[in-house]
Amino acid sequence: RLRRSPEICQFLRDCWFGTKSGVSVDNSSYVNDHKATTKAMDKGAVVGFICHGAWLPISAKIVKGVEGTCFFSIKDDLINAGMIYSTEKCVADGRMVTAQTPEDLPSFMASIIAIDTARI
């Protein structure tokens with residue numbers, strides 16, 4: 001099991017208890033924390049994942065019927081989990097934002113901020 005920073009652990013606890021409005025996942029290190037992601041989505045949070053971070057929302061079972069993207073090598077995993085795969089660099093669908101690589105962070109973060117701001 002990979003070690004997590006105290007900041008990541010606190011962020012996930014905040015999401016679990018509803019004091020944060022979003023979850024952003026940038027790799028698959030936190031697969032065991034899929035319950036926090038599911039709970040955040042259930043509470044109306046904006047959920048974003050990038051690159052190989054798609055494995056966490058797959059485990060959380062929150063991608064079925066949602067349009068999104070990811071790093072090309074795990075696209076079949078997303079499709080098999082029911083996501084509508086897009087070749088776009090960044091995709092926002094409802095409260096879920098997805099991107100292919102860290103190079104897509106500017107559009108990824110702009111999408112998360114736009115969705116979160118629209119909800120206020």
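Across Cys51 and Cys70, no two heavy atoms sit closer than the pair O-CB, 3.8 Å. Taking each heavy atom of Phe49 and Phe108 in turn, the nearest pair found is O-CE1, 3.5 Å. Taking every heavy atom of both residues into account, Gly48 and Ile112 meet most closely at CA-CD1, 4.4 Å. Closest of all the heavy-atom pairs between Ile84 and Gly65 is CD1-O, 3.6 Å.
The side-chain contact (heavy atoms from CB on, under 4.5 Å) test with Asp93 is passed by exactly one of Val66, Val63, Thr98: Val66.
Inter-residue side-chain proximity for Arg95 and Met41 is flagged as met; some heavy-atom pair is nearer than 4.5 Å. Contact of the Leu78 side chain with the Ile74 side chain is not registered, since no non-hydrogen atoms from C-beta on lie closer than 4.5 Å. Side-chain atoms of Val97 and Cys90, non-hydrogen and from C-beta on, do get closer than 4.5 Å to each other.
Counting side-chain heavy-atom gaps under 4.5 Å among Ile, Leu, Val, Met, Phe, Trp and Tyr, Val91 is found in no cluster with other residues.
Counting only residues at least two apart or on different chains, the side-chain hydrogen bond (donor to acceptor under 3.5 Å, both in side chains) pairs with a member in residues 70-88 are His52-Ser73, Trp55-Asp77.
Placement of Ile79 and Met96 in two distinct hydrophobic clusters is found when ILVMFWY residues are connected by side-chain heavy-atom separations under 4.5 Å, directly or transitively.
In this structure, CE on Met83 lies 8.5 Å from OG1 on Thr69, to the nearest 0.5 angstrom.
Among residues two or more places apart in sequence or in another chain, the side chain to side chain contact (heavy atoms under 4.5 Å, CB included) test is passed with Asp104 by Lys89, Ala99, Gln100, Thr101, Ser107. Residues passing the side chain to side chain contact (heavy atoms under 4.5 Å, CB included) test with Lys61, sequence neighbours excluded: none.
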